[in-house]
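Input: a single structure, listed below in structure tokens.
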Amino acid sequence: MNRAASGILPAIAVDRRSPTPLHKQIYDGFRSAILRRELRPGQRIPSSRELAIELRVSRFPVLNAYAQLLAEGYFESSVGSGTFVSSALPEQRMSVALPRTSVNKPSGPRPVARGSRLYPDFENQPAIRGWGAFGVHQPALDQFPFQLWSSLVAHHSRNPHANAIHHINPLGTERFREAIADYLRAARGVKCEVDQIMIVSGSQQALDITARVLFDRGDPVWVEEPGYRLQRSVLTAAGCIPVPISVDNEGMNVAAGIRARRKARAAFVTPSHQYPLGVTMSASRRLQLLNWAQTVGAWIIEDDYDSEYRYESMPIASLHGLDVNQRVIYIGTFSKVLFPSLRLGYIVIPPDLVERFVAVRHVMDIFPPYLYQEVLSDFINEGHFTRHIRRMRQTYGEKRTALVESLKAEFGRELEIHGAEAGMHLAMTLQDGLRDTGIAARAGRERLWLWPLSPSYLGEKHRNGFILGFGSIPRDQISASVRHLRTIISSK
Ligand SMILES: Cc1ncc(COP(=O)(O)O)c(C=O)c1O
């Protein structure tokens, strides 16, 4: 029930020429809107004064109708807070009047085109959706400086710039893009100028815009195998053909890609921390990939989604920094390093493509929302961002060590762990014969949220295992959660 919401003016019409008195028309209008469930229990009713003004009638017929609806139990009022659709309406009375007006079941031809070719969305299945132990893409929110954050939000809400409120550059605000360019040059070795940066609502929109700009239907595009499913969905939605290229302990196998489809249009890669296996792409593979792209005229899309957290060495510089031919489109996000519902990310676009990216962006949502760009500009410029990354690197580093130790203690030699050197997740593979999706579904019933590895493969050949997030799990619950995991896997 939403008692806080203001009274929405319902679509109630009155006809002055009708022989039915006005108060009866108003009464009938509300009553049938409630019975048709256009107005729901608990919903606030506008004041009699507001409704009288809206309907251009005096208050008397409105007061009269309201009194009748109150008396019959359709409305309820509480002193000082207003009038509401009654929350105690007898369900039976409602359902008696419902069927005639209910909407028909879908029938007849209902063509859907690209949507029907998207991968079934395993990530949205209830079995893996909870918050807590092993949830993937979940940061340690208890460490986020919300107090500071909320004071920046309040400041920028109170003092908006008229210009920014009215219209923003489709690339995003200059101040925010400058802060990001400074960060990327210094921390990620990205060679970029402010005018190449476009602010987007997370890497997902970045991938989508990029695909719309660069690809035509039927274009083959290399993707990592296993890889990030939502990246593949973007390609499928754009009508492209994702070509799975295996990942080994040096990252995407470029020679295998050349054998499979030399003249692909692009390669999507996560070189800093391959998703989901966590491999870092070797220097020689990076050079091979850049050479291939230059030779065949392909693009490289570098998704640098969680490079800030490396535990055993300094962060590895981006692939973009090695590129001398402007072949790399670099994508970054604040989803991992801050939190995903911010929906803020960025693209570094080769200068000759900026106009095209802007044109596509314009069609999608014209420009990005203003408030959090301002907030995050301050957060970065005042040094909070770097401090936060440093603190989180420490926190996640400790959690990761505890997780690896617990996994080794519980599973011993049968366990293979992948990609624990960086990021907020690692991958563990299961012994042959165990099915990860079945185990994940069972674990979900016990409120342990496991992301199976096998859906990350596009081809038939796949490994079973789990992608284990360790961002949100409290440090002191890690060993108990690993024991729980062990019990569930053993009880197959
Ligand atoms: C490989 C990869 N890229 C990007 C993202 C982030 O997406 P977004 O910035 O849209 O939240 C994720 C998951 O959070 C991911 O796993």
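Start at 1 with the first residue, then count along the sequence. One-based numbering, in listed order, for ligands and for the atoms of each. We use all heavy atoms of the structure for the numbers below, so side chains are in, but hydrogens, waters and symmetry mates are not.
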Original post:
Is Arg175 salt-bridged to Glu374, cutoff N-O under 4.0 Å?
Top reply: yes
Original post:
Hey, is Arg343 one of the residues with a heavy atom under 4.0 angstrom from ligand 1?
Top reply: yes
**OP:** Answer side chain, backbone, both or neither: which part of His137 comes under 4.0 Å from ligand 1, heavy atoms only.
**Re:** side chain
**OP:** Output yes when the distance from some N or O of ligand 1 to some N or O of Ser335 is under 3.5 Å, and no in every other case.
**Re:** yes
Original post:
Looking at Thr333, which atoms of ligand 1 are within less than 4.0 Å of one of its heavy atoms?
Top reply: 8 (P), 9 (O)
Subject >> Closest candidate by heavy atom, reference atom 3 (N) of ligand 1, pool Asp303, Leu230, Val136, Val200 >> reply: Asp303
**OP:** List the closest protein heavy-atom neighbour of atom 5 (C) of ligand 1: residue, atom name, distance to the nearest 0.1 Å.
**Re:** Tyr228 OH, 3.7 Å
**OP:** Flag Ser201 as yes when one of its N or O atoms lies below 3.5 Å from any N or O atom of ligand 1, and as no otherwise.
**Re:** no
Original post:
Can Glu178 and Arg185 be counted as an ion pair, charged N to O under 4.0 angstrom?
Top reply: no
Subject >> Close approach of Gln231 to ligand 1, heavy atoms, under 4.0 angstrom >> reply: no
Original post:
Ion pair present between Glu382 and Arg387, side-chain N to carboxylate O less than 4.0 angstrom?
Top reply: no
**OP:** Could you tell me which atoms of ligand 1, counted from 1 in the order shown, lie closer than 4.0 angstrom to a heavy atom of Gln204?
**Re:** 10 (O)
Original post:
So is there a nitrogen or oxygen of Thr270 less than 3.5 Å from a nitrogen or oxygen in ligand 1?
Top reply: no
Subject >> Exceeds 12 heavy-atom contacts within 6.0 angstrom, atom CD of Glu312 >> reply: yes
**OP:** Can you sort out which atoms of ligand 1 are near Gly202, meaning under 4.0 Å from one of its heavy atoms?
**Re:** 9 (O), 10 (O)
**OP:** Under 4.0 Å, heavy atoms only, figure out whether ligand 1 is touched by the backbone of Lys336, its side chain, both or neither.
**Re:** side chain
Original post:
With respect to His137, which candidate in Phe470, Trp451, Trp131, Trp449 satisfies the ring pair (Phe, Tyr, Trp, His ring centres under 6.0 Å) definition?
Top reply: Trp451
**OP:** Answer yes when Arg327 and Glu302 have at least one side-chain N-carboxylate O distance shorter than 4.0 Å, and no when they do not.
**Re:** no
Original post:
Tell me: protein heavy atom nearest atom 6 (C) of ligand 1, and distance?
Top reply: Ser203 OG, 3.4 Å
Subject >> Within 6.0 Å of CD in Gln147, more than 12 heavy atoms from elsewhere >> reply: no
Original post:
How are the rings of His425 and Tyr305 set relative to one another: parallel (under 30°), tilted (30 to 60°) or perpendicular (over 60°)?
Top reply: parallel
Original post:
Considering residues, nucleotides and ligands other than Asp432, do more than 12 of their heavy atoms fall under 6.0 Å from its CG?
Top reply: no
